[in-house]
Amino acid sequence: MTTPKAYNPADIESKWQAKWDADGLYHSNIDPKRPKHYALTMLPYPSGDLHIGHWYAMTPSDSRARYMRMKGYNVLFPMGFDAFGLPAENAAIKSGIHPMVRTRDNIERMRKQLRSMGAMFDWRREMVSSEPEYYRWTEWFFIQLYKAGLAYRKMSPVDFCPNCNTTLAREQVWGDDRHCERCGTPVIKKDLNQWFFKTTRYADELLSYEGIDWPERVKTLQTNWIGRSEGASVIFKIAPAPDSPPISGNGGGEGGVEVFTTRPDTLWGATFMVFSPEHPLVDEITAPEHKAEVDAYKQQAARQSDIEREAVDKEKTGVFTGGYAINPVNGERIPIWIADYVLMSYGTGAIMAVPAHDERDFAFARKFGLKVIPVIQPEDMPALDGDTMDVATTGAGRMINSGPFNGTAVTEDKGRKNPGISAVIDWLAEKGIGREAVNYRYRDWLISRQRYWGAPIPMIHCETHGWSPVPDDQLPVTLPEDVEWKPTGESPLKLHPTWKNTTCPVCGAPAERETDTMDTFMCSSWYHLRYLSPWHDQGPFDENEYNYWMPVDTYTGGIEHATMHLLYTRFFHKALRDMGITEGHEPMLQLRNQGMVLGEDNEKMSKSRGNVIAPDVLVGRYGADTVRAYLMFFARWDMGAPWDSQGIEGSARWVRRVWTLFTDEVRQGAPTPETLRNLRRKVHQTLKRVTRDFDTFEFNTIISSLMELLNEMVRAREAGAAGSAEWTEAVDIYLRMMAPVTPHIAEELWTNVLGKPYSIHTQAWPRVDEAAAREDELTLAVQVNGKVRDRVTVPADADDETVKAAALAAEGVVRALEGQPPKKVIVVKGKLVSIVM
RNA sequence: GCCGAAGUGGCGGAACAGGCAGACGCGCACGACUCAAAAUCGUGUUCCGUAAGGAGUGUGGGUUCGAUUCCCACCUUCGGCACCA
C-alpha cells in the first residue's frame with residue numbers, strides 16, 4: 001500500500017503510458033478463441049497540432065473500444081495519418097519547406113499528442129498514406145480498378161487561376177465574384193482530360209443499406225446524394241433552319257437531342273426546350289442573328305458557381321437561340337432556349353419544358369412570354385386555361401390535350417407505379433421515340449489532381465499503344481523529391497526534367513508517365529485495410545488478418561463525411577468485392593457520428609476567429625483523464641456543443657474526489673445494514689446504466705451516473721461503510737467502470753493504491769446483480785386530476801389494492817378530494833397513482 | 001426554396017415503452033475551515049408568491065386520467081444542398 005498523496009496527473013499519466021507501451025498492453029493480435037471487435041475512428045490529417053475536435057472524436061471512441069475489450073472482445077483500435085493533400089503543398093509554396101518534411105514533422109508532433117491521450121491505439125499498425133509503403137498499394141488499387149473497367153478518361157472543367165497559373169480547389173475560390181484566394185484574379189474554367197472512376201455503376205447497390213447499422217440521417221443524406229429518379233428518355237429532333245447544314249445530334253441519332261424526364265405523361269404540354277449554356281449543340285443550333293446574345297449569356301453563366309446558378313430565389317434568366325425542335329409526340333415546332341438553371345452535369349444537359357406543370361418552367365414561360373398548354377386536369381379544379389393560370393399544377397389528374405391519352409388517370413406516384421406515366425412509356429417505346437430510363441444525380445468520381453503532394457496515378461502513355469498501367473514489379477511509382485512546386489500551370493511532376501520519361505510496358509518505346517496525382521479520398525477509401533498489416537509487402541493486406549478482423553464493427557467520425565468519404569469507401573469495397581479482393585457487401589457494419597465542438601463564442605473554431613481550444617494546454621493543467629471525462633460529459637456526443645472552459649472544473653473535481661475517497665485512510669465504522677444495502681443497490685443500478693450507455697454511445701450519462709455513485713459512496717463512508725465487504729465490492733466495480741473513461745487514474749488506484757493485479761485494463765467488465773439492484777420499496781406520486789397532491793411509500797411488491805388504499809388515505813389526497821368519492825383510480829405499476837374526480 | 005437535426009432553468013444537459021420535469025455538472029448565494037485567499041467541505045438554487053398556492057419543456061391547437069414524449073399547424077436556430085427536369 002502506498003501512503004496517501006496528492007493527485008498528480010502528470011506523474012501518473014506519463015508513468016503508466018510508458019509502462020503500457022513497454023508491456024505492449026495494447027497490441028492486438030489474432031486470437032481465434034476470442035470474438036473480435038474492429039473499432040475504427042476516422043484518421044486525422046496531419047495539420048500540425050491535435051485539435052480539441054480530434055479529442056472529442058477519439059476519446060469516447062477509445063473509451064468504447066476499452067469497454068468492448070473488458071467485455072471480452074479481442075479489440076483492434078488503430079490510428080494513422082491521412083497525409084497527402086493541399087495544405088502541405090500550399091505551405092511549401094509559401095515557405096519553401098518540402099511537403100514531405102513538413103508532413104513528417106507534423107506527424108511526429110501529433111503522435112506525441114495522441115499518446116498523451118492515453119488511448120489504446122496499437123501503434124505497430126500505424127499507417128501513413130504519404131509513405132511509399134502505403135501509396136504503393138493505393139497505386140495498385142488504381143490499376144485493379146482500371147483493369148476492371150472502372151477507370152476512364154474524360155474532358156472535364158476545372159477552376160483555374162490564370163495569374164497563379166494553377167488549378168484551384170473549391171476552397172481556394174473566394175467571394176461572389178469567384179476570385180483566386182491567393183492573388184484575387186477572377187477564376188476561369190479550363191477543360192482538362194482527367195481520370196474518373198465509374199462510381200455510378202454501383203449507384204443502385206449503394207442505395208441499399210441492408211445489414212448495416214448506420215444512422216438514418218446518414219442514410220438519408222446518401223440516398224439524396226445519389227438522387228435516383230425514374231422516368232423516360234425521349235429524343236427531340238432538331239428542326240433544321242431552311243438553309244443550314246444538317247445538325248449532328250447528341251446521343252439521339254441523326255439530328256436529335258436526348259432528354260430525360262420524370263414526367264413523360266406531360267410530353268404533350270412541352271412547349272419549348274431549355275439547354276444548358278454548355279450544351280455541345282448550342283453553337284450549331286444558334287441562328288446567326290442570336291449568336292452575339294447567346295455567346296454573351298454563355299460567358300456570364302460560366303463565371304458563376306453551381307451554387308449561384310442553383311439559387312432558388314434567383315430571377316430566371318435565359319436567351320432564345322433562334323433554333324427549334326420538334327416535339328415527337330405531336331410534331332409541334334418548339335423554340336430552344338438556353339438558361340443557367342439547366343446544368344450540364346445533371347441528366348443530359350437539356351430539358352423539355354412543360355410550363356403548365358412545372359414551377360420553374362412556368363416562371364420561365366411567363367417571364368419570356370412562352371406558350372403554356374395544360375395537359376393534366378386536376379379532378380377538383382375548374383378547367384385549366386394556359387393563358388390565365390397563375391401557378392403550375394404538379395399533382396394528380398386526368399390527361400387532356402394529349403391525343404390518344406386523353407382521359408388517362410395520372411396519380412401522384414413516381415415512375416412505373418403511376419398508370420399515366422407507365423402507359424406513356426410503353427407507347428413511346430413502341431413508337432421508337434423514347435424508352436424507360438433511370439437518372440441519377442450521382443456523378444462518376446473525378447480522381448485527377450494537378451498537384452504534387454498526392455499518390456501518383458500509375459499509368460504510362462505510349463504514342464502507339466495508348467494508356468497502360470505500370471507493371472506490378474515497378475510499383476510504387478515514387479514521387480521525386482526534387483520538384484518545383486511553385487505554380488506553373490502544369491502538374492509539378494510534368495515539369496520535372498526526367499521523372500515522366502519511361503518506356504511503354506507493351507513495346508518498350510519511350511513513353512510518358514501520367515503526371516497528375518490522385519484525390520486523397522482514394523487514400524482514405526482503404527486505410528482500414530492497411531491497418532490490418534502495415535508490415536505486409538506482398539499485397540495491400542495479409543489475408544489472415546483480413547479474415548480475422550474484417551469487417552469493421554464500429555466506425556466513428558464526423559457527420560461531414562456522410563456523402564463523400566463514406567460513399568467512396570463503400571464503392572471501393574464493393575468494387576474490390578467484385579474482383580474477389582474483399583468479402584461481404586459492406587466495409588463498416590455500424591456507424592456512429594459525433595457532433596461538433598464549437599468555440600466558446602458559439603462559432604466554429606478557427607485560427608482566424610481566435611477561439612481554438614488546445615488540448616495540450618488542458619492536459620497540462622488538468623491531466624488527460626479529466627479532459628477525457630469532460631469531453632464525454634459536457635454534451636451529447638452526437639450533438640456537440642460550444643466549449644465551456646469553466647465546466648471542465650466539474651470533471652476535474654470529480655476525478656480529484658475519486659482520488660481522495662480511494663486514497664484516504666480507511667476508518668472502519670459500524671454501518672447499519674440499511675446503509676450497506678443501499679450502497680450495494682446503488683452500485684449495481686449504476687453498473688446497469690453505465691453498461692447500457694456504453695452499448696448505446698450515450699457517454700454523457702455514463703459520467704453523471706459515476707458522479708452520482710461517488711456521492712452515494714461518500715455518504716456511505718461517512719456512515720461507516722468503509723472496510724465492509726460491500727465497500728470493497730463498490731470500490732472494485734467503481735474502478736472497473738472508470739477504467740475505459742479515465743485509464744490512468746484507474747490503473748494507479750487499482751494497481752498501486754489497492755494493490756490489485758496489473759492491469760485494470762485486462763480485467764473483465766463486472767456483472768450486474770439484479771437482486772441487489774432491485775428496490776425494496778417505492779415512493780409513488782399520487783395525482784388528483786393530473787396534479788401531484790401527495791406521495792406514498794409502499795413495498796415494491798405491493799399489489800394494486802394496497803397501493804390504491806395507501807394513495808386514497810394520503811393526507812394531500814384527502815384534502816384534494818374534499819370528501820367526494822373518486823370517479824376512477826389508475827395505478828401505474830412502480831410509477832404513480834392517478835385519481836380522477 | 002428544399003432536405004436533415006434541434007428548441008427544456010443564468011449555462012451544458014437528464015428524464016430510454018405516454019407516468020413525480022429539471023438527474024449530474026457549471027455558475028451563483030450563504031455557511032464551515034482559514035489572519036486572508038485558493039483548495040476543500042456543507043446548504044440552497046425553474047419562475048411568480050412571505051405563505052398557502054399557481055405557472056412552466058419554442059408558439060397555438062388536438063388525443064389522453066395523464067404529453068418534454070404521440071398527432072396537426074406555425075415560429076426560430078443550426079447543418080447540408082440538388083432550381084434534379
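Lettering of chains follows the sequences in order, A, B, ..., and the numbering in each one begins at 1.
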Subject >> Parallel, tilted or perpendicular, as decided by the 30° and 60° cut-offs, for the rings of A:W659 and A:Y7 >> reply: tilted

**OP:** Would you classify B:rG42 as syn or anti? Syn applies when the glycosidic angle is within 90° of 0.
**Re:** anti

Original post:
Any Lys/Arg nitrogen of A:R681 or A:E775 sitting under 4.0 Å from an Asp/Glu carboxylate oxygen of the other?
Top reply: yes

Original post:
Considering only the C1' atoms, how many Å lie between B:rA14 and B:rC81, rounded to the nearest integer?
Top reply: 34 Å

Original post:
At under 4.0 Å between heavy atoms, what does A:N785 touch on the DNA or RNA strands: base, sugar-phosphate, or nothing?
Top reply: nothing

Original post:
Should A:K219 and A:E216 count as an ion pair when the cut-off is N to O under 4.0 Å?
Top reply: yes

Original post:
Is there a Watson-Crick or G-U wobble partner for B:rG56 with both distances under 3.5 Å, and if so, which one is it?
Top reply: none

**OP:** Looking at every strand, decide which applies to A:R789 at a 4.0 Å heavy-atom threshold: base, sugar-phosphate, or nothing.
**Re:** sugar-phosphate

Original post:
Roughly how many Å is it from CH2 in A:W225 to P in B:rC2, rounded to a whole number?
Top reply: 20 Å

**OP:** Would you tell me if any nitrogen or oxygen in the side chain of A:N700 comes within less than 4.0 Å of OP1 or OP2 on B:rG25?
**Re:** no

**OP:** Give one of base, sugar-phosphate or nothing for A:S834, where a contact means two heavy atoms less than 4.0 Å apart.
**Re:** base

Original post:
OP1 or OP2 of B:rA85 less than 4.0 angstrom from a side-chain nitrogen or oxygen of A:Y341, does that happen here?
Top reply: no

**OP:** Nearest whole angstrom, please: distance from the P of B:rA15 to the CZ of A:R692.
**Re:** 7 Å

Original post:
What does A:G227 touch in the nucleic acid at a heavy-atom separation under 4.0 angstrom: a base, only the sugar-phosphate, or nothing?
Top reply: nothing

**OP:** Between B:rC65, B:rA23, B:rC3, spot the one nearest the side chain of A:S704, thanks.
**Re:** B:rA23

Subject >> Whole-Å P distance, B:rA17 and B:rC2 >> reply: 35 Å

Original post:
Base, sugar-phosphate, or nothing for A:D358, non-hydrogen atoms under 4.0 angstrom?
Top reply: nothing

**OP:** Give a yes/no answer on whether the side chain of A:S229 brings an N or O atom under 4.0 Å of OP1 or OP2 in B:rA85.
**Re:** yes

Original post:
NA contact type, A:E359, heavy-atom cut-off 4.0 Å: base, sugar-phosphate, or nothing?
Top reply: nothing

**OP:** Return the nearest nucleotide to the side chain of A:T220; candidates are B:rG4, B:rC16, B:rA85.
**Re:** B:rG4

**OP:** Output the single nucleotide from B:rC26, B:rA39, B:rA85 whose closest atom is nearest the side chain of A:R656.
**Re:** B:rA39

Original post:
Which one, B:rG54, B:rC26, B:rG13, comes nearest to the side chain of A:D644?
Top reply: B:rC26

Original post:
What is the nucleic acid contact for A:Q646, judged by heavy atoms within less than 4.0 Å: base, sugar-phosphate only, or nothing?
Top reply: sugar-phosphate

**OP:** Using whole Å, report how far CG of A:L566 lies from P of B:rG4.
**Re:** 19 Å

Subject >> B:rC48 and B:rG42, which share atom name P, separated by this distance in whole Å >> reply: 28 Å

Original post:
Do A:S651 and A:Y622 have side-chain N/O donor and acceptor atoms under 3.5 Å apart?
Top reply: no

**OP:** Mind checking A:G349 for me? I need base, sugar-phosphate or nothing, with any heavy atom below 4.0 Å counting as a touch.
**Re:** nothing

Original post:
What integer number of Å spans the C1' atoms of B:rU57 and B:rG22?
Top reply: 9 Å

Subject >> Distance below 4.0 Å between A:R653 side-chain N/O and B:rG27 OP1 or OP2 >> reply: yes

**OP:** Any strand is fair game: report the nucleotide pairing with B:rC11 by Watson-Crick or G-U wobble, both distances under 3.5 Å, or none.
**Re:** B:rG25

Subject >> Within 45° cone of A:F697 ring axis and under 6.0 Å: A:R64 NZ or CZ >> reply: yes

Subject >> d(CZ, A:R715; P, B:rC24) in whole Å >> reply: 9 Å

Original post:
At under 4.0 Å between heavy atoms, what does A:T563 touch on the DNA or RNA strands: base, sugar-phosphate, or nothing?
Top reply: nothing

Original post:
Atom OH of A:Y630 and atom C1' of B:rG25: how far apart are they, to the nearest Å?
Top reply: 9 Å

Original post:
Is B:rG79 paired to anything, Watson-Crick or G-U wobble with both distances less than 3.5 Å, and if yes, which nucleotide?
Top reply: B:rC3

Subject >> Selected nucleotide, minimal atom distance to A:K824 side chain, candidates B:rC65, B:rA23, B:rA85 >> reply: B:rC65

**OP:** May I ask you to verify if any side-chain N or O of A:R689 is less than 4.0 angstrom from the OP1 or OP2 atom of B:rC16?
**Re:** no

Original post:
Quick one: A:D638 CG to B:rG4 C1', roughly how many Å, whole number?
Top reply: 14 Å

Subject >> Closest nucleotide among B:rU40, B:rA15, B:rA6 to the A:M639 side chain >> reply: B:rA6

Original post:
Closest to the A:K831 side chain: B:rG19, B:rA55, B:rA14?
Top reply: B:rG19

**OP:** For B:rG49, give its Watson-Crick or G-U wobble partner with both distances under 3.5 Å, or none.
**Re:** none

**OP:** Measure from CD on A:E708 to P on B:rA14 and round the result to the nearest Å.
**Re:** 14 Å

Original post:
Looking at the side chain of A:R441, which of B:rC26, B:rG25, B:rC81 is the nearest nucleotide?
Top reply: B:rC81

Original post:
Quantified in whole Å, what is the P atom distance between nucleotide B:rU69 and nucleotide B:rG58?
Top reply: 8 Å

Original post:
Considering only side-chain heavy atoms of A:F633, which listed nucleotide, B:rG19, B:rC3, B:rG12, is closest?
Top reply: B:rG12

**OP:** Determine the contact category for A:R217: base if any of its heavy atoms lies under 4.0 Å from a base atom, sugar-phosphate if only primed atoms, P, OP1 or OP2 are that close, otherwise nothing.
**Re:** sugar-phosphate

Subject >> Sidechain N-carboxylate O distance under 4.0 Å for A:D638, A:R592 >> reply: no

Subject >> From B:rA14, B:rA85, B:rG12, nucleotide with atom closest to A:T262 side chain >> reply: B:rA85

Original post:
In whole Å, what separates the P atom of B:rU68 from that of B:rG18?
Top reply: 13 Å

Subject >> Pairwise P distance for B:rG25 and B:rG79, with rounding to whole Å >> reply: 32 Å

Original post:
Are A:K829 and A:D800 within salt-bridge range, i.e. N to O under 4.0 Å?
Top reply: yes

Subject >> A:R621 atom CZ, neighbour heavy-atom count above 12 within 6.0 Å >> reply: no

Original post:
Counting any heavy atom closer than 4.0 Å, what does A:K829 reach on the DNA or RNA strands: base, sugar-phosphate only, or nothing?
Top reply: nothing

Subject >> Note: A:E698-A:R689 ion pair, threshold 4.0 Å (strictly below) >> reply: no

**OP:** Would you kindly compare A:A635 and A:L832 by the position of their nearest RNA chain B nucleotide and give the one closer to the 5′ end?
**Re:** A:A635

Subject >> Reported CD-to-CD1 distance for the pair A:Q222 and A:I226, which is rounded to 0.5 angstrom >> reply: 6.0 Å

**OP:** Hey, which sits more toward the 5' end of RNA chain B by its nearest nucleotide, A:F634 or A:T261?
**Re:** A:F634

Original post:
Which nucleotide, in any strand shown, forms a Watson-Crick or G-U wobble pair with B:rU68, with both distances under 3.5 Å?
Top reply: none

**OP:** For A:R636 and B:rC24, give me the distance from atom CZ to atom C1', rounded to whole Å.
**Re:** 16 Å

Original post:
Should B:rG31 form a Watson-Crick or G-U wobble pair with both distances under 3.5 Å, which nucleotide is its partner?
Top reply: B:rC41

Original post:
On a whole-Å scale, what distance lies between the C1' atoms belonging to B:rA21 and B:rA67?
Top reply: 11 Å

